[in-house]
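Notes follow once the structure below has been shown.
Because the structure is a prediction, the values reported are computed rather than measured.
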Amino acid sequence: MHEDRCRQTGPGPPGPPAFPGVLAMLAAVAGACVWRWLWPWPSEDPVIALVSLRSPLAADLMRWGYAVASILTPCFGVLFAATLAGLLYERRRRRPGTTKAPAWPEDGDKPRVVVGEVHRRTRPGPSPSPGWLVVPRRGLHAGTAVFGAVGSGKTSCCMYPFARQVLGWHGNDPDRRPGGLVMEVKGDFCHQVRRILADLGRSDDYTELGLEGKWCYNPLESDLDAYSLAYQIASLLNQLFGKGKEPFWQQASTNLVKFLILLHRVKDGYVTLADVYRTAIDQDLLASKINAARQELDYHPHARLSVEQYKEYVNTLPDRDWQFDNGRGETYVPADTELIEALKEQKVEHRLEEPEPAGTRQRMLAAIVTWHVHDWSKLADRLRSSIVEGVSVFLSLFDEPGVSDVFCPPKSAYEEDRPYRGRWALPPLADALEGGKVIALNLPVGDNPALGRAIGVMLKQDFQRAVLSRIPRIEAEPDQPWRDLLFVCDEYQNFATAGESDPGGDEKFFSLSRQGQLVALVATQSISSLRSAVPGESWRTLLQTFRTRIFLSLSDESSCKQASEACGQVERLKEQYSISESSQAGVGLLSGKAGGGKGTFGVTKSYSVRREPRFPPAAFAQLRNAQAIVTAYDGRNPLPPTYCYLKPWYLPRELGYFEALDQGRI
């Protein structure tokens with residue numbers, strides 16, 4: 001069967017030593033001479049003498065036969081020894097660990113990632129002329145997904161080496177070094193990224209965000225409108241706690257969070273998740289915030305009285321500059337808290353009416369007041385408590401002292417050039433990325449799973465907005481050398497967000513990120529784990545955004561089947577045999593017993609073309625550590641699926657996979 005092989009990038013292994021037939025014949029002649037010298041023809045033997053006397057012809061034939069045997073026997077012995085030596089040499093040459101690794105591809109001006117060694121594409125085992133599977137920069141912009149069960153080597157053989165290669169692009173050019181975001185759940189990946197950047201001379205570019213770090217980050221400090229931020233929190237709640245069958249609760253909680261964010265922005269120009277939480281659970285605090293915003297913006301409701309009520313109570317009410325509305329026949333004045341309390345105390349018949357807002361902030365405040373008076377305040381107490389409870393279970397995470405210091409810093413942390421409690425405010429993500437910074441989120445799930453996922457998702461969505469916002473700028477200035485951005489996410493199923501109704505899902509972002517020059521590298525344990533992390537069938541849409549897929553050893557049947565289907569099918573010529581037999585019974589005329597009948601027997605061989613998986617599902621379950629089946633994309637055309645032998649980050653480049661396997665280092 002024909003076997004496709006990757007182009008050889010280094011010198012192949014040496015062939016077996018040549019043993020020409022001429023040398024074999026010379027060795028046979030020499031052996032015959034030694035034979036004749038040691039064991040000449042025994043003419044004096046009595047038996048031979050008797051044969052010569054009785055039949056000279058037979059004696060001559062025996063003598064010539066002995067001469068031929070003395071020549072052919074050494075010749076056959078030499079040929080047999082040469083054949084046996086060749087077979088033993090070939091077997092030794094094909095043993096794992098004896099195939100040398102090809103020369104590492106030369107580092108050129110065009111960035112790329114070396115995935116691993118390629119020997120035989122559709123059959124495991126070493127090849128005498130191995131090569132490298134290389135994905136160019138253009139193909140990396142289409143996304144890379146790594147799937148592998150626990151212990152298969154997806155982190156040590158893919159995430160670490162690939163991240164090192166990408167972060168090393170344009171190492172001598174500070175204006176083109178890639179920036180990026182690194183997310184993980186175990187806590188060790190961030191330390192490895194720090195070492196990688198230190199080895200590359202980029203220690204200053206490492207920025208770690210964690211509870212013990214020196215940076216603080218407010219997820220709500222962005223240029224998004226209040227509704228977008230509220231919808232983002234609502235989507236996160238669906239990912240954390242599941243989506244209910246009744247849409248009212250999600251809509252009501254989204255509306256609540258939206259107006260609370262808007263209120264703090266109008267009042268203070270700044271909002272944190274802790275502010276939203278405290279205002280949501282305290283109705284008195286909410287009312288006082290609205291009243292304080294009214295005072296600050298001089299936006300008070302108008303108290304309207306009839307002429308009769310005005311004449312009767314004007315002398316007992318606080319002194320105000322009352323105005324007369326000729327059109328309505330009423331008197332009115334902006335009503336502050338003192339006036340409203342006096343009207344209620346004296347039981348004066350009055351009507352409060354909101355004035356026409358004058359500026360943008362007053363218009364926003366008017367929307368808040370309308371919601372609070374005509375919507376929120378009219379709900380029953382139990383219903384309000386249920387809506388608040390739906391968001392407070394999540395927002396309460398950010399009111400804890402250690403978490404609040406990191407993720408809910410005060411406004412002064414962003415306005416003043418000094419740290420807040422030993423932490424500096426993280427600059428806007430877009431500015432940090434364009435400056436070549438590599439931001440690493442270090443929140444292990446073992447400490448606080450809900451917090452790690454919540455902050456990870458919000459930071460990821462902030463990163464996605466920064467990437468998408470650079471697309472129009474890249475299109476406007478195509479000649480400017482824009483740096484690449486790297487997104488690395490280990491255990492991606494913990495941070496994946498997708499859904500048909502979610503406008504900010506990952507599947508929508510990754511389908512557009514190629515134009516933002518993003519190199520996306522995600523790893524997850526299996527297709528099933530990704531499928532269970534996102535709702536409905538959106539996992540299919542998310543999966544198709546990663547054009548390069550690396551399948552390491554998979555441990556569940558569903559993922560093996562999906563991986564086999566992703567690698568496609570091939571047409572193979574199959575043999576078919578059919579056996580037919582027929583017989584006729586007979587009866588003996590003399591004995592009267594059955595037997596002696598005629599019979600026929602036939603065998604038919606036919607061929608047919610069948611479509612079969614290029615790699616059966618069992619092939620993915622039988623992969624060893626650091627072995628993979630890769631479907632790569634070079635940016636223009638998909639490459640055929642192939643067996644690939646990965647290079648762990650702790651092994652030298654010149655050590656081949658089968659050599660390392662033979663030495664027990666994999």
Restricting to non-hydrogen atoms, name the atom on [X] and the atom on [Y] that form the minimum distance, rounded to 0.1 Å.
X    : Y    : value
W249 : S386 : CZ3-CB, 3.6 Å
V391 : S253 : CG1-CB, 3.4 Å
V276 : L260 : O-CD1, 3.7 Å
L451 : L443 : O-CD1, 4.4 Å
L220 : V271 : CB-O, 3.8 Å
L197 : D205 : CD1-C, 4.5 Å

Donor + acceptor pair across side chains of [X], [Y] (<3.5 Å):
X    : Y    : answer
N291 : S288 : no
Y270 : N218 : yes
E491 : Q493 : yes

Verdict with supporting geometry, Q283 and W376, side chain to side chain donor-acceptor pair (under 3.5 Å)
CA-CA 10 Å; Q283 299 304 309; W376 186 248; 2.8 Å; yes
Side chain proximity check, [X] to [Y], heavy atoms < 4.5 angstrom:
X    : Y    : value
L486 : L167 : yes
R320 : V314 : no
C190 : Y206 : yes
N326 : F324 : yes
H302 : V333 : no
R202 : P178 : yes
Q250 : T254 : yes
F189 : V488 : yes

Would you please indicate if the ring centroids of W215 and W424 are separated by under 6.0 Å?
no
Is it the case that the ring center of Y310 lies less than 6.0 angstrom away from the ring center of W322?
yes
Can you check whether [Y]'s main-chain N or O pairs, donor with acceptor, with [X]'s side chain at less than 3.5 Å?
X    : Y    : result
S392 : V388 : yes
Q346 : T316 : yes
E434 : A430 : no
E308 : L305 : no
Y299 : P355 : yes
R470 : G516 : yes
H141 : G139 : no
S538 : V534 : no
S377 : H372 : yes
S532 : S529 : yes

Please evaluate residues D490 and T155 with respect to the criterion side chain to side chain donor-acceptor pair (under 3.5 Å), reporting the C-alpha separation (whole Å), side-chain torsions for both, the decisive distance (0.1 Å), and the verdict.
CA-CA 7 Å; D490 198 8; T155 302; 3.0 Å; yes
Could you pull out all residues at least two apart from R304 that satisfy salt bridge (Lys or Arg N to Asp or Glu O under 4.0 Å)?
D325, E330, E353
Partners of R137 by salt bridge (Lys or Arg N to Asp or Glu O under 4.0 Å), sequence neighbours excluded?
D484
For K411 and E415, run salt bridge (charged side-chain N to carboxylate O under 4.0 Å, His left out): C-alpha distance rounded to whole Å, both residues' side-chain angles, the deciding distance at 0.1 Å, then the answer.
CA-CA 6 Å; K411 186 178 181 181; E415 294 180 342; 3.5 Å; yes
With sequence neighbours excluded, what pairs up with [X] under the side chain to side chain contact (heavy atoms under 4.5 Å, CB included) test?
X    : answer
E416 : S412, R418
A432 : P427, K437, I439
R423 : C216, D405, V406
D173 : H170, D175, R176

In L521, D506, V146, the residue satisfying side-chain contact (heavy atoms from CB on, under 4.5 Å) with Y492 is D506
Crowded around [X] [atom1]? As in, over 12 foreign heavy atoms under 6.0 Å?
X    : atom1 : value
D431 : CG    : yes
R363 : CZ    : no
R294 : CZ    : yes
Q480 : CD    : yes

Partners of [X] by ring pair (Phe, Tyr, Trp, His ring centres under 6.0 Å), sequence neighbours excluded?
X    : result
F407 : none
F394 : F398
H264 : none

Start with the C-alpha gap between L140 and T144, add the side-chain angles, then the distance that decides, and say whether side-chain contact (heavy atoms from CB on, under 4.5 Å) holds.
CA-CA 7 Å; L140 295 172; T144 302; 4.0 Å; yes
List the atom pairs, with distances to 0.1 Å, where a side-chain N or O of residues 539-546 and a protein N or O form a donor-acceptor pair under 3.5 Å, not counting sequence neighbours.
from	atom 1	to	atom 2	distance (Å)
R540	NE	E537	OE1	2.7
Q544	NE2	T541	O	3.0
T545	OG1	L542	O	2.5

Only pairs at least two apart or in different chains count here, so list each salt bridge (Lys or Arg N to Asp or Glu O under 4.0 Å) that has a residue in residues 268-282.
D268-K289, D275-R278, R278-D399
Who passes side chain to side chain donor-acceptor pair (under 3.5 Å) against E312, sequence neighbours left out?
none
Could you walk me through whether K214 and E208 satisfy the salt bridge (charged side-chain N to carboxylate O under 4.0 Å, His left out) test, starting with their C-alpha distance in whole Å, then the side-chain angles of each, then the deciding distance to 0.1 Å, before giving a yes or no?
CA-CA 8 Å; K214 63 177 183 179; E208 181 176 301; over 6 Å; no
Start with the C-alpha distance between N494 and E184, add both sets of side-chain angles, then the distance that settles side chain to side chain donor-acceptor pair (under 3.5 Å), and finish with yes or no.
CA-CA 9 Å; N494 291 281; E184 52 116 5; over 6 Å; no
Rounded to the nearest 0.5 Å, the CG atom of D284 sits from the OG1 atom of T279 at a distance of 12.0 Å
